[in-house]
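Small disclaimer: the values here were computed from a predicted structure and weren't measured.
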Amino acid sequence: MDAFYASVEQRDRPELRGRPVIVGGQGGRGVVAAASYEVRKFGVHSAMPTREALRRCPEAVCIAPRMAHYSEVSRQIFAVFHEFTPLVQGLSLDEAFLDVTASIGALGSAEQIAREVKRRIRERTQLTASVGVAPNKLVAKIASDLRKPDGLLVVPAEEITALLDPLPIRRLFGLGAKTAPKVEALGIHTLGELRQASTARLRPVFGRYTERVQQRAAGIDNRPVVPDLDEKQISAEETFADDIADPARLRSELARLADKTCARLRARGLVAGCVTVKIRRKDFTTYTRQRHFEPPTQETRVVATLAGELLQDWLRDQPRAALRLIGVGVSELRSPVQADLFAAPESTRNRQLDRAVDDIRRRFGSIALQRASTLERPALEPRAGLGPESPAGPSKGSPRTRRP
């Protein structure tokens, strides 16, 4: 999709059409999530600090992201994809690979399918999409990027080299911002030069991956389109506008993130068997702490309590640390088994509370109800853990933990 988040905002708010629009955080540490094409001519791009983006284009309109809304529009777009093939591999809310090999006989050529995909997306969402058609995923992605916005580029197999060779090496998907300058320092600036360079020249930069990188520069990519990739982890994290060292604030932020993570877990109909806490200090040093538990759960209270214990253990060693970011993730995901009729009363109450909270938020919005555990508490609390409603840790009937 073309500048997806920004395009959705311009579609929904006609007064923004034709104006430079930035979707992203507006605090001191906010970053650009999407930039409309009107603001890109000022050098603004995604992942740029919002402060820098507004310095380059002071007249830009900055809008906070509406992720739930973008997800709903994304579902409409992916529904279009699935009308042409079951082989759809999503990369993000607004990008996917489609393998239409088996659809060509019934639906026309790959180019005809691409044009129809674009037409249906515009008809149903009033948004534009750019499509690359090629023999493999790598070339298709590069082709789609070359014709943005609202573009279509078909690359037959015999034309791959002619298309790729003149392109700058930074067009190669996966060649990171740290690696590209090292390659350019060797005097290699185009994909053609990268393709034809000697392996001895490239090995100091790419090591054992040298041959693979040169194959990619030549447009060789045998990776299949893998539909419905299994989700490995569900998480939520927060970068603070100002570093936080107050344990009470960290406790409430952690509980809020655990609540958000478990709501996503329940929305997907999954349970988890492992919780991870991500911790980033103000000097950007990042730590993770993890704990496995049995039986798997989707209960907010249990996950938040275990996450709180992990953070508390870390803070015990670094009691005055100022944190830039914290996050809560769950993994070892699976479908839940039939509910235990003899489950502990505590677990039953947890599930009933979670259902009630989810129902209220679905009807009245995510900010309609806030758990008390997400509110700041006094810094001094007898036996105060970092968990939510149960400071002393999991009660009888909660999952037993096993340390990795």
### Task
Would you sort out whether E38 and S36 count as a side-chain hydrogen bond (donor to acceptor under 3.5 Å, both in side chains), showing the intermediate values?
CA-CA 5 Å; E38 293 84 359; S36 72; 3.0 Å; yes

#### Entry: Minimum-distance pair of heavy atoms, taken over all atoms of G90 and F78
CA-CE2, 3.7 Å

### Message
Salt bridge check, D150 against R122: does any charged N sit closer than 4.0 Å to a carboxylate O?
### Response
yes

### Query
Between Y70 and A64, what is the shortest heavy-atom contact and its length?
OH-O, 4.3 Å

### Query
Is there a donor-acceptor pair closer than 3.5 Å between any side-chain N or O of T261 and the backbone N or O of L257?
yes

#### Entry: Salt-bridge present (D283, R324; N to O < 4.0 Å)
no

### Query
With a cut-off of under 6.0 Å to the ring centre and 45° to the axis, is R40 in cation-pi contact with Y37?
yes

### Query
Is the closest basic N to carboxylate O distance between K141 and E95 below 4.0 Å?
yes

#### Entry: Neighbour count >12 (heavy atoms, 6.0 Å) for atom CD, Q196
yes

### Query
Between E59 and R19, is the closest basic N to carboxylate O distance under 4.0 Å?
no

#### Entry: Closest non-hydrogen atom pair between A53 and I22, with its separation
CB-CD1, 3.6 Å

### Query
Within the distance-only criterion (no hydrogens, no angle test), does the side chain of S74 pair as donor or acceptor with the backbone N or O of L93 below 3.5 angstrom?
yes

### Message
Would you say that M1 contacts S7 through its side chain, given a criterion of any heavy-atom pair below 4.5 Å between the two side chains?
### Response
no

### Task
Look at D12 together with R66 and state whether they make a salt bridge at an N to O cut-off of under 4.0 Å.
yes

### Task
Report yes if some heavy atom in the side chain of R11 is under 4.5 Å from a heavy atom in the side chain of T125; otherwise report no.
yes

### Short side-chain to backbone donor-acceptor contact, S103 and F84, under 3.5 Å
yes

### N-O pairing of R301 and E299 below 4.0 Å
no

### Query
Short question: side chain of Q126, backbone of E123 - any donor-acceptor pair under 3.5 Å?
yes

### Query
Any ion pair linking D165 and R195 (charged N to carboxylate O, less than 4.0 Å)?
yes

### Message
Could you report the tightest heavy-atom contact between S144 and S130, atom names first, then the distance?
### Response
O-CB, 3.7 Å

### Query
Is it the case that R281 and Q318 place a side-chain donor and acceptor less than 3.5 Å from each other?
yes

### Task
Would you tell me whether T300 and R266 have side-chain atoms, one donor and one acceptor, within less than 3.5 Å of each other?
yes

### Message
Under 4.0 Å between a side-chain nitrogen and a carboxylate oxygen: does that hold for E52 and R55?
### Response
yes

### Query
Any side-chain heavy atom of R291 sitting closer than 4.5 Å to one from C274?
no

### Query
Looking at D259 and R256, does any basic side-chain N land under 4.0 Å from a carboxylate oxygen?
no

### Message
Please check: side-chain N/O of S71 versus main-chain N/O of M67, any donor-acceptor pairing under 3.5 Å?
### Response
yes

#### Entry: Ion pair check, R212 and D221, cut-off under 4.0 Å
no

### Task
Apply the side-chain contact (heavy atoms from CB on, under 4.5 Å) test between V328 and each candidate in L254, L306, T276; give the one that qualifies.
L254

### Message
Just so I know, are the side chains of Q214 and I220 near enough to count as touching, which here means a heavy-atom distance under 4.5 Å?
### Response
no

### Task
Taking the side chain as every heavy atom from C-beta outward, state whether V225 and L98 have any atom pair closer than 4.5 Å.
no

